[in-house]
S.K.: 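Before anything else, here's the structure in question.
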Amino acid sequence: MLELSAFELAERVLDREISATEAAATANARVEEVEGRLNSFITGTPELALERAARVDERLRRGEEVRRWECVPIAIKDVLSTRGVRTTCGSRILEDFEPVYEASALVNFGPDPIMVGKANMDEFAMGSSTENSAYGPTHNPWDLSRVPGGSSGGSAAAVAAGEGWWALGTDTGGSVRQPAAFCGLVGLKPTYGRVSRYGLIAFASSLDQIGPMTRDVRDAALLLQAIAGHDPRDSTSADVEVPDYLSSLEDGVEGLRIGIVRELTEAEGVEEEVREISLRTARLLQEAGAEVGEVSLPHAGYGLPAYYIIAPAEVSSNLARYDGVRYGLRVPADGVHEMYRRTRARGFGDEVKRRIMLGTYALSAGYYEAYYGQAQKVRTKIIEDFRNAFARYDVLLSPTCPTPAFGLGEKVDDPLAMYANDICSIPASLAGVPAISIPGGLSRGLPVGVQLMGDYFSEPTLLRAARAAEQASGFHFRLKP
Ligand code: GLN
């Protein structure tokens with residue numbers, strides 16, 4: 001059962017060959033078996049999963065309509081609010097925080113998402129390795145001495161290891177795509193505004209998006225179907241109709257124009273074999289009928305420094321709310337300022353503090369124009385680059401990240417090296433366009449991701465291209481460890 005895709009499992013549950021309860025019990029048993037080696041979860045919810053699965057089975061017995069996605073146990077990144085279930089964001093400051101409402105992205109799952117647990121993550125989603133979690137690092141199921149990527153590393157490890165069939169992650173600068181790449185999965189960052197952020201604990205509000213992390217492209221389409229849609233409670237959620245993501249999935253790439261992004265394929269630090277795998281994927285798409293050419297995003301190289309101003313600037317504002325008054329940890333002291341100081345000093349980890357300081361500095365009087373203003377101009381330039389590229393191409397292609405999974409501990413003491421890992425994923429984040437990572441092949445026995453990017457709300461096209469590439473590459477999900 002653990003080898004099935006989420007879609008296949010759902011079909012079996014709907015056909016009453018497997019019960020949702022059996023599926024949940026199987027996931028729970030797998031968590032028992034591997035969790036000691038992986039640390040994918042901050043909070044396990046095995047009983048909840050069984051209870052909810054039983055309710056899904058009961059609805060099936062009564063002949064009620066149950067949608068495919070409701071049948072499949074899921075891991076949920078611990079940045080998404082889950083009613084009554086502790087939501088820590090990977091931080092000490094929210095160690096005992098229990099949200100009073102559910103994130104909007106989960107509403108289509110009905111009252112009973114079969115949640116196996118809240119997945120580990122870098123604190124407040126800041127990081128690329130899950131080593132910034134206050135609850136210990138997650139290990140990569142493909143090689144336990146390596147990172148699973150981040151910040152949605154727990155979600156990725158859980159799916160790769162069969163602690164659930166799929167997961168929700170969040171992506172601000174690559175946090176769905178990069179861990180998916182490191183763990184041999186598909187990871188989709190939807191168009192900014194496609195999925196409601198209501199109930200998603202904010203990191204950088206102009207960039208954050210929730211996305212599916214799955215075993216194949218069809219599962220990504222199915223999970224996107226479940227979470228996409230307009231939500232009046234999130235003013236940045238787009239009032240754009242949600243298409244049927246599955247109906248055009250198998251239509252192939254005949255005539256589709258695909259542009260290989262020069263700046264990202266040749267970016268600093270991109271390993272030769274990683275580049276080769278991207279180019280091979282482009283060739284496979286060409287053989288499948290796509291028109292393939294080369295395209296330039298001239299300002300893509302400035303994405304990294306611009307992002308590491310804009311995201312921290314938003315952090316300095318968004319994280320001001322953790323002051324010991326309303327949420328989570330409070331360290332008592334004489335006087336309110338001393339209480340704030342002690343609470344934040346003890347509650348936040350080093351990377352979060354670094355970002356708050358960088359962001360506060362970048363926004364302060366006298367520096368605002370030089371840093372934040374300049375970074376916003378770069379962002380506009382990158383948006384224009386994408387607009388020009390999409391005038392000639394339907395889909396853009398690049399590596400997802402420069403290397404396969406790196407070793408635990410390898411970059412923790414070098415923030416710049418950690419940030420540099422995000423070079424290929426950040427441009428799509430700054431522009432707000434959708435981007436998907438699919439496994440393209442192996443390098444030194446480790447999975448390598450290939451990234452496809454599309455124009456705003458072109459997820460159907462993007463998924464169709466990704467599906468064709470997945471089928472041509474012959475890469476199939478394998479359960480690890
Ligand atoms: N690695 C990037 C950062 O640390 C992206 C994180 C994310 O997408 N949440 O900001």
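When a ligand or atom number is given, it counts from 1 through the structure's own listing order. The analysis underlying the following values was restricted to heavy atoms, covering all of them including side chains, and did not include hydrogens, waters or symmetry mates.
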S.K.: Under the 3.5 angstrom rule, does the side chain of Asp78 hit a backbone N or O of Gly90 as a donor-acceptor pair?
M.R.: no

S.K.: What do you reckon, does Thr170 have a nitrogen or oxygen under 3.5 Å from a nitrogen or oxygen of ligand 1?
M.R.: no

S.K.: Should Arg444 and Glu271 count as an ion pair when the cut-off is N to O under 4.0 Å?
M.R.: yes

S.K.: Is the shortest N/O to N/O distance between Lys77 and ligand 1 below 3.5 Å?
M.R.: no

S.K.: Any salt bridge between Glu351 and Arg355, counting N to O under 4.0 Å?
M.R.: yes

S.K.: Are any of the N or O atoms of Ser175 closer than 3.5 Å to those of ligand 1?
M.R.: yes

S.K.: Where's the contact between Ser151 and ligand 1, heavy-atom distance under 4.0 Å: side chain, backbone, both or neither?
M.R.: side chain

S.K.: What do you reckon, does Met126 have a nitrogen or oxygen under 3.5 Å from a nitrogen or oxygen of ligand 1?
M.R.: no

S.K.: Report yes if some heavy atom in the side chain of Phe124 is under 4.5 Å from a heavy atom in the side chain of Leu319; otherwise report no.
M.R.: yes

S.K.: Counting only heavy atoms closer than 4.0 Å, does ligand 1 sit against the backbone of Asp422, its side chain, both, or neither?
M.R.: side chain

S.K.: Does any N or O of ligand 1 fall below 3.5 Å from an N or O anywhere on Phe203, backbone included?
M.R.: no

S.K.: May I ask whether Tyr308 places a heavy atom under 4.0 Å from ligand 1?
M.R.: yes

S.K.: Does at least one non-hydrogen atom of Arg355 fall below 4.0 angstrom from an atom of ligand 1?
M.R.: yes

S.K.: Does any N or O in the side chain of Asn140 come within less than 3.5 Å of the main-chain N or O of Arg146, such that one atom is a donor and the other an acceptor?
M.R.: no

S.K.: Tell me whether Arg379 forms a cation-pi arrangement with Tyr307, defined as NZ or CZ under 6.0 Å from the six-membered ring centre and within 45 degrees of its axis.
M.R.: no

S.K.: Which of the numbered atoms in ligand 1 are below 4.0 angstrom from a heavy atom of Tyr307?
M.R.: 2 (C), 3 (C), 5 (C), 6 (C), 10 (O)

S.K.: Considering only NZ, NE, NH1 and NH2 on the basic side and carboxylate oxygens on the acidic side, decide whether Lys189 and Asp171 come within less than 4.0 Å.
M.R.: no

S.K.: Can you list the ligand 1 atoms lying under 4.0 Å from a non-hydrogen atom of Ala125?
M.R.: 6 (C), 7 (C), 9 (N)

S.K.: Got a donor-acceptor contact below 3.5 angstrom from the Asn108 side chain to the Ile227 backbone?
M.R.: no

S.K.: In this structure, does ligand 1 have an atom that sits under 4.0 Å from one of the heavy atoms of Ala311?
M.R.: no

